[in-house]
Structure formats: structure tokens, C-alpha cells
> 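The following block contains the structure, expressed as C-alpha cells.
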Amino acid sequence: GENVEQHPSTLSVQEGDSAVIKCTYSDSASNYFPWYKQELGKRPQLIIDIRSNVGEKKDQRIAVTLNKTAKHFSLHITETQPEDSAVYFCAASSSDDKIIFGKGTRLHILP
Amino acid sequence: DTAVSQTPKYLVTQMGNDKSIKCEQNLGHDTMYWYKQDSKKFLKIMFSYNNKELIINETVPNRFSPKSPDKAHLNLHINSLELGDSAVYFCASSPPGLANTGELFFGEGSRLTVL
């Protein structure tokens, strides 16, 4: 089955700097890679996703890149703001509708 | 209008008891899930139902029994609760063909504490 590894587990960046979170997956059949943000005490919510036929996708300050050959994908947040502080999860899904999550990255934005 | 709602939000109970968590979605989705989030925030899939039929059953103890009376509801019953069952349980739903359409819609979570 699919296995998703996520690094780092904790990340602290100065407000205004960029943050990068990296994930790898094991199942070459996986074709959909969403990222979820979970604020303290709240539910996870989708912030961006990418499909296997695309190498990069951007939405304002967040971008995701995918390297299918290496089986890794990354989340980039630029110009970080205090409200970006949260736990971020990468995930991978293949055609069997099973979404497997990474273990999460706790992002702290320092003032 | 809450898209995916679960009750109760908080549940505190003694070891050995039996408890249920209910989930309902009004999005018209075919597929519903239960995820367990432990104290380290790891989100692990437990079950998935598609149109009332079980399609994913991860290695979850038999003490956990999901029930889907219709495609808008997926309830979770837990027998003989153990300390290790303490976690936040998230219900979620998705439209058909997750890999094609994308998003998992999560409920607010039910925090279960076993004493």
C-alpha cells in the first residue's frame, strides 16, 4: 500500500520568510496529491492540490511542486504571515479512493 | 449549514464502556470515511464506505464497528473502550472518484477521552 513520508515534523520561520515542506510517496500509481492545513482545535481543510499530469501549481502565496520520477512533492509558502501557523499535512491518493496522509508538519511563524 | 456534522464533539468515558459517534453529511456525496487523529496529530484512515458499502477497512480492532444506514450517514460504534482509543475521530466525505474530483470534507471532529 501507499506510504507517505513528510519532513520536517516541526518548522519555525520568521514572519515574511518562506517555508518549504517536503513529502515522498511510495506507490507509483498515486495520481493525486492534496495538502491540508489544520489550525489548532479545528478540522483539516484543503489548501491546494496537484495531479500527476502537472509539475507545479500556484495559488497566491502557496505553491506545490511534483516530481513523479523521484516520487516527491513539496509545499512552498512565501511571505509567511502569523495566520499561516498550523499543522500541514501532505497526502497521496491512488485510484482506489484511499487518501494516505503524511505525519504532519507543525509550522510556527515567529514575529 | 454544516456540510459534515458529527456528534458528540466531546466524549469522556470509562474503560470498558461502549460508545457511538454519529456523522451526517448534506453534500450529496457517495463516499464517507472515519479517520483517527492521535495525540501526535497523525491522521490515520480507519474505514471508508461508498453508498452504504464498506470499501476500505484498515487494520482496526474488531471493537470498532462502522454502520451506514444510508449514504448520508456513517456512524462509529466502539465496544470495550481502551485507554489507547483516546483520540480525535474525524468523519469525512468526498464526491465520487476521489482521485478525480479531489477534496475530502471533514467534520469538526469528536474528541474521545477514555479514563
Side-chain angles (χ1 to χ4, degrees), chain A residues 1-11 21 23 25 27-54 57 59 64 66 85-108, chain B residues 2-7 9-10 21 23 25 27 29-51 53-60 71 74 87-111:
Chain A
E2 177 63 276
N3 182 49
V4 178
E5 298 284 340
Q6 181 171 349
H7 300 279
S9 57
T10 307
L11 178 61
I21 302 170
C23 290
Y25 62 99
D27 187 354
S28 55
S30 288
N31 54 14
Y32 172 65
F33 306 91
W35 287 86
Y36 284 78
K37 175 183 180 182
Q38 186 177 25
E39 296 176 358
L40 189 62
K42 301 281 181 67
R43 75 189 86 189
Q45 292 193 287
L46 181 75
I47 54 170
I48 195 167
D49 54 17
I50 191 166
R51 301 186 190 280
S52 57
N53 58 348
V54 176
K57 184 175 177 181
D59 183 3
V64 59
L66 171 65
S85 292
V87 178
Y88 291 81
F89 294 94
C90 64
S93 173
S94 58
S95 57
D96 63 358
D97 281 358
K98 190 188 292 189
I99 281 226
I100 303 299
F101 285 87
K103 292 193 175 181
T105 296
R106 190 178 297 276
L107 176 63
H108 300 276
Chain B
T2 304
V4 182
S5 59
Q6 13 181 151
T7 54
K9 280 191 74 174
Y10 301 96
I21 307 171
C23 179
Q25 54 96 3
L27 297 166
H29 290 165
D30 285 348
T31 309
M32 295 184 73
Y33 307 79
W34 278 108
Y35 279 85
K36 178 181 179 181
Q37 186 170 47
D38 60 23
S39 57
K40 294 182 179 177
K41 300 297 183 187
F42 184 35
L43 267 171
K44 187 171 168 56
I45 190 167
M46 300 173 69
F47 301 102
S48 171
Y49 271 71
N50 183 269
N51 211 358
E53 303 231 351
L54 180 67
I55 56 171
I56 295 171
N57 183 351
E58 294 298 287
T59 47
V60 178
K71 75 173 193 175
L74 180 61
V88 180
Y89 292 85
F90 282 99
C91 176
S93 73
S94 69
L98 178 70
N100 293 320
T101 57
E103 189 169 356
L104 273 177
F105 292 80
F106 284 92
E108 291 184 331
S110 297
R111 182 176 293 276

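First the proteins, then the strands, lettered A, B, ... as listed; each starts at 1.
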> For A:P34, which atoms come within 4.5 Å of any heavy atom of chain B: side chain, backbone, both, or neither?
neither
> If you take all heavy atoms of A:Q38 and B:F90, which pair is closest and at what distance?
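The pair with the smallest heavy-atom distance is NE2-CZ, 3.4 Å.
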> Could you tell me which portion of A:Q45 (side chain, backbone, both or neither) has an atom closer than 4.5 angstrom to a non-hydrogen atom of chain B?
neither
> CZ of A:R106 to NZ of B:K41: how many Å apart, nearest 0.5 Å?
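NZ of B:K41 is found 6.0 Å from CZ of A:R106.
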> If I measure from the heavy atoms of chain B, does A:K103 come under 4.5 Å with its side chain, its backbone, both, or neither?
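Both backbone and side chain.
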> Could you list the residues that satisfy ring pair (Phe, Tyr, Trp, His ring centres under 6.0 Å) with A:F101, not counting sequence neighbours?
A:Y36, B:Y35
> Is chain A contacted by the side chain of B:F106, its backbone, both, or neither, given a heavy-atom distance below 4.5 Å?
both
> Taking the side chain as everything from C-beta on, heavy atoms only, tell me whether B:L104 gets closer than 4.5 Å to A:L46.
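No - every pair of side-chain heavy atoms lies 4.5 Å or more apart.
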> Among pairs that include at least one residue of residues 28-38 of chain A, which meet salt bridge (Lys or Arg N to Asp or Glu O under 4.0 Å), considering only residues two or more places apart or in two chains?
A:K37-A:E39
